[in-house]
Amino acid sequence: MEASTLSSRADAQCQTYSNIVWEVLKDLWHPQDNPKGIVNLGVAENTLMHAELQDFVRRNTSIHQHAFTYGDGNFGSKRLRRAVAQFLNERLRPVLPLEAEHIVVTNGVSHAIEHCSWALCNKGDGILLGRPYYKSFIADISLRPEVEVITVSFGGLDPLGTDCVKRYEEAVLSARQRGVVVRGLILCNPHNPSGRCYPEETIKELMKLCQRHRIHFISDEIYALSTWENKEETWDSPPVPFISTLAVPTDGLIDPERVHVLWGMSKDFGANGLRVGYLISQHNRNLHTALQSVALYSYVSSISDHLAAAILENVDWVDRYIESNRQKLSESFSFAVRFLRQQGISYTPGAYAAFFLWVDLGRAYCERHPESSTSRDLNTKISRRLIEEKVFIANGTIFGSEKEGLFRVVFSHPIGYLEEGLKRMMKAINNHACVQ
């Protein structure tokens with residue numbers, strides 16, 4: 001066999017890299033254009049408001065010649081950063097009002113995460129990540145910055161409750177015994193994949209933990225505006241409201257230069273393809289200075305920059321958009337839950353934010369095919385069955401699920417599309433026992 005001409009790190013990726021998402025996206029189902037394609041209920045995309053967004057873009061695509069230059073530099077245009085500051089000041093209610101200088105614009109939040117890992121950690125240091133987690137945190141944190149992701153297990157504890165803090169602290173001390181310095185802790189709030197929000201008290205206790213161990217607190221708030229009414233479940237008390245880390249006073253909790261918040265256009269505005277994210281650090285000028293050296297690689301297209309600013313500046317349109325989006329998310333969630341109940345499929349209750357249902361397909365499969373109850377690697381085999389039936393649903397194993405059999409169903413699609421995918425899911429579950 002001919003020797004590889006690649007670097008050892010690139011060669012390692014050739015040997016180990018596998019991501020079915022890119023194959024799915026090449027063959028998406030369409031009832032007329034591609035009826036034999038794959039229904040995608042696995043990628044965190046919100047397609048509910050695409051018609052409204054398309055109409056807005058059509059009416060706001062007057063691009064100035066300045067857009068064909070390097071613009072205002074690699075942190076994003078002054079116009080966009082001002083627009084983001086004003087927009088988030090109104091909706092996240094930060095303790096200290098945001099200013100343009102607090103914000104670095106990136107081509108998606110993934111690059112903002114990678115920037116944090118690169119700038120806040122040395123090679124071989126660690127960042128804490130609670131289970132279950134957004135799967136791409138792993139690569140964003142570790143692949144190029146060469147930082148270790150230290151996953152935290154909670155057993156029977158609520159991963160978003162205050163009791164979880166002791167598990168994070170245990171992970172810090174365990175890493176230290178291995179010679180790994182923990183430099184950061186990252187949250188996704190609202191949480192992916194549980195669809196819940198962190199209580200303010202948990203945020204405060206985690207800040208205290210970070211202060212005790214000189215750790216940076218990083219809050220990914222990409223679903224901040226995607227909270228909605230869960231009409232399908234009864235509540236003993238109202239759901240925990242979303243509160244941004246920016247709205248939590250740091251006095252007596254943590255040095256403010258250790259607090260960083262991420263947000264973007266992909267989820268709340270259903271615009272994954274726009275590729276616009278924001279890294280917000282209000283008190284750490286050294287971080288901004290350091291990122292000037294690498295921000296060239298996360299430069300946002302001037303076209304995307306222009307469109308993002310136009311969206312955020314149009315307050316009346318945005319207010320209507322967000323409200324309509326929340327209503328549609330609630331409706332799609334209700335449809336998905338009713339479908340699951342009719343089919344006898346259990347799911348983790350309590351979601352009211354983001355796009356996800358945490359569904360127990362392993363239990364459902366084994367109930368229908370008892371001979372598979374002792375099957376090894378059941379999740380992988382179910383994933384294969386799903387793809388055979390031309391539906392993609394994300395395997396919970398890659399999200400660090402502590403329980404076997406869980407899958408993440410993305411419901412943020414029009415009812416017709418969602419129904420097609422769920423019917424194919426049931427066909428995969430009902431037919432053909434897994435090979436043991």
side-chain hydrogen bond (donor to acceptor under 3.5 Å, both in side chains) involving Ser244 - partner list, sequence neighbours excluded: Glu221
Contacts of Arg275 that satisfy salt bridge (charged side-chain N to carboxylate O under 4.0 Å, His left out) - sequence neighbours left out: none
Interatomic distance, Arg338 atom CZ to Leu422 atom CG [nearest 0.5 angstrom]: 13.5 Å
Charged N-O contact under 4.0 Å between Arg178 and Glu148: yes
Pair Arg131, Ser153: side-chain N/O donor-acceptor within cut-off below 3.5 Å: yes
Lys/Arg N to Asp/Glu carboxylate O, Arg82 vs Glu313, below 4.0 Å: no
Point-to-point distance, once rounded to the nearest 0.5 Å, from CD1 of Ile218 to NE2 of His115: 13.0 Å
Working for salt bridge (charged side-chain N to carboxylate O under 4.0 Å, His left out), residues Asp55 and Arg59: CA-CA 6 Å; Asp55 179 66; Arg59 293 184 287 104; 3.1 Å; yes
Partner set under salt bridge (charged side-chain N to carboxylate O under 4.0 Å, His left out) for Arg214, not counting sequence neighbours: none
Check: Asp72/Ser77 side-chain N/O donor and acceptor closer than 3.5 Å: no
Centroid-centroid under 6.0 Å between Trp358 and Phe407 rings: no
Member of Phe355, Tyr352, Trp228, Phe339 meeting the ring pair (Phe, Tyr, Trp, His ring centres under 6.0 Å) criterion with Phe333: Trp228
Residue list, ring pair (Phe, Tyr, Trp, His ring centres under 6.0 Å) with Phe356, at least two apart or on another chain: Tyr223
Qualifying residues under side-chain hydrogen bond (donor to acceptor under 3.5 Å, both in side chains), relative to Asn325, sequence neighbours excluded: Asn46
All ring pair (Phe, Tyr, Trp, His ring centres under 6.0 Å) counterparts of Tyr134, not counting sequence neighbours: Phe137
Donor on one side chain, acceptor on other, Thr162 and Glu201, under 3.5 Å: no
Lys/Arg-Asp/Glu bridge criterion (N-O < 4.0 Å) met for Asp305, Arg81: no
Cationic N near anionic O, under 4.0 Å, Lys78 to Glu101: no
Any side-chain donor near an acceptor of the partner, Trp263 and Asp268, under 3.5 Å: yes
Output field: ring centroids Tyr168/Phe154 closer than 6.0 Å: yes
Chi angles and distances behind the salt bridge (charged side-chain N to carboxylate O under 4.0 Å, His left out) call for Arg212, Glu169: CA-CA 10 Å; Arg212 285 198 298 274; Glu169 185 145 35; 2.9 Å; yes
Arg341, CZ: over 12 other non-hydrogen atoms inside 6.0 angstrom: yes
Arg258 and Asn284 side chains, donor-acceptor separation under 3.5 Å: no
Ion pair Lys204/Glu200, N-O distance below 4.0 Å: yes
Side-chain donor-acceptor pair present, Glu331, Gln327, cut-off under 3.5 Å: no
